[in-house]
Amino acid sequence: QLQLVESGGGLVQPGGSLRLSCGASGATFARYAVGWFRQAPGKEREFVAGISGSSWSGSWPTFADSVKDRFKISRSNAQNTVDLEMTALKPEDTAIYYCAGRLYDILTMSSEYPYWGQGTQVTVSS
C-alpha cells in the first residue's frame, strides 16, 4: 500500500514560482506512476502533470496543455519523492493540489488512481 504526503504549497504572487513535493512510503516506489491533480472551488478535479513508473528506458512525464510550458516534474526513487516545479503562476492556478499513485503508467483520469495524498493549497494572488 502506497502512502503519499504533499508539501510546499502556499501563497505566491502572479508570475511567481512554487515547488511542490510528494513524499511516498509503504511500497516499492519506483514501480508507481505519480500524478499531480488540482481542484479549485466549485470545479472538478483535473490532471496537471504526471511521471510514469521507472523502467529500463526511464520515466516519462506528461502535462496538461494549460501547464506544459510552465511546470516541470521530476522524481527521485532514492528519496521516494516526486516534485512539481511551477513557474509563471497565474491566478487560475489557485487550487488544492494532490498527488496520486498507481502502478506503472500515467493516466489522466483521477478515478484511475487508488492512492492519494491529503492535498496542499496553492494560492496565486497579489
Side-chain angles (χ1 to χ4, degrees):
Q1 187 117 3
L2 187 69
Q3 289 91 45
L4 301 170
V5 178
E6 303 93 340
S7 61
L11 173 64
V12 63
Q13 292 186 343
S17 300
L18 273 178
R19 189 179 186 92
L20 304 183
S21 186
C22 176
S25 62
T28 305
F29 179 65
R31 302 168 59 196
Y32 285 82
V34 175
W36 283 95
F37 292 79
R38 66 187 181 188
Q39 189 165 18
K43 295 188 176 181
E44 293 187 354
R45 193 169 296 189
E46 65 174 356
F47 176 82
V48 175
I51 189 163
S52 65
S54 298
S55 68
W56 64 271
S57 59
S59 298
W60 306 104
T62 304
F63 297 94
D65 288 343
S66 59
V67 307
K68 65 180 179 181
D69 295 326
R70 302 184 292 123
F71 291 9
K72 293 181 180 179
I73 190 168
S74 60
R75 70 184 297 154
S76 168
N77 293 329
Q79 296 185 335
N80 283 8
T81 57
V82 170
D83 290 348
L84 183 68
E85 184 176 352
M86 307 185 295
T87 63
L89 283 162
K90 305 174 182 180
E92 51 263 44
D93 294 317
T94 295
I96 299 174
Y97 282 70
Y98 300 88
C99 67
R102 68 184 306 278
L103 281 172
Y104 301 123
D105 295 332
I106 283 293
L107 296 176
T108 60
M109 292 187 64
S110 60
S111 59
E112 298 289 345
Y113 289 77
Y115 306 108
W116 289 84
Q118 82 289 350
T120 186
Q121 177 71 47
V122 171
T123 302
V124 184
S125 175
S126 55

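Positions are given from 1 along the sequence. Quick caveat, the model's predicted, so the values are computed rather than measured.
Shortest non-hydrogen contact noted between A88 and S17 is N-OG, 4.5 Å. Residues P114 and G101 approach most closely at CD-O, 3.2 Å, considering heavy atoms. Between S52 and I106, the shortest heavy-atom distance links the atoms N-CG1, 3.6 Å. Taking each heavy atom of C22 and W36 in turn, the nearest pair found is CB-CZ2, 3.5 Å.
The cationic group of R75 does not satisfy the cation-pi geometry with Y32, failing either the under 6.0 Å distance to the six-membered ring centre or the 45° limit from the ring axis.
Here T108 contributes atom OG1 and E46 contributes atom CD; the two are 11.0 Å apart, rounded to the nearest 0.5 Å. The NZ atom of K68 lies 4.5 Å from the CG atom of D65; values are rounded to the nearest 0.5 Å. For the atom pair E44 CD and S110 OG, the distance stands at 8.5 Å (nearest 0.5 Å). Atom CG of D83 sits about 5.0 Å away from atom OG1 of T81, to the nearest 0.5 Å.
Residues satisfying the side chain to side chain contact (heavy atoms under 4.5 Å, CB included) test with S7, not counting sequence neighbours, are S21. For Q1, the side chain to side chain contact (heavy atoms under 4.5 Å, CB included) partners are Q3, Y115, not counting sequence neighbours. Partners of Q121 under the side-chain hydrogen bond (donor to acceptor under 3.5 Å, both in side chains) rule, at least two apart in sequence or in another chain, are T123. With sequence neighbours left out, D105 forms a side-chain hydrogen bond (donor to acceptor under 3.5 Å, both in side chains) with no residue at all. For S111, the side chain to side chain contact (heavy atoms under 4.5 Å, CB included) partners two or more places apart in sequence, or in a different chain, are M109.
No single ILVMFWY cluster, assembled from side-chain heavy atoms under 4.5 Å apart, contains both Y113 and I51.
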M86 vs V122, side-chain contact (heavy atoms from CB on, under 4.5 Å): CA-CA, chis, key distance, verdict: CA-CA 10 Å; M86 307 185 295; V122 171; 4.0 Å; yes
Criterion side-chain contact (heavy atoms from CB on, under 4.5 Å) on L11 and S125, from CA distance to verdict: CA-CA 7 Å; L11 173 64; S125 175; 4.2 Å; yes
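Looking only at distances, a side-chain donor or acceptor of S76 sits under 3.5 Å from a matching main-chain atom of Q79. When atom types are taken as modelled, the side chain of E6 and the backbone of C99 share a donor-acceptor pair closer than 3.5 angstrom.
Listed by first and then second residue, the side chain to side chain donor-acceptor pair (under 3.5 Å) pairs involving residues 85-99 are R19-E85, R38-D93, R38-Y97, R70-D93 (not counting sequence neighbours).
Using cut-offs of 30° and 60° for the angle between ring planes, the F37 and W116 rings count as tilted.
At least one side-chain heavy atom of I73 sits less than 4.5 Å from a side-chain heavy atom of F63. Counting only heavy atoms from C-beta outward, the side chains of I96 and T120 never approach each other to under 4.5 Å. A heavy-atom distance below 4.5 Å is not found between the side chains of L107 and F47.
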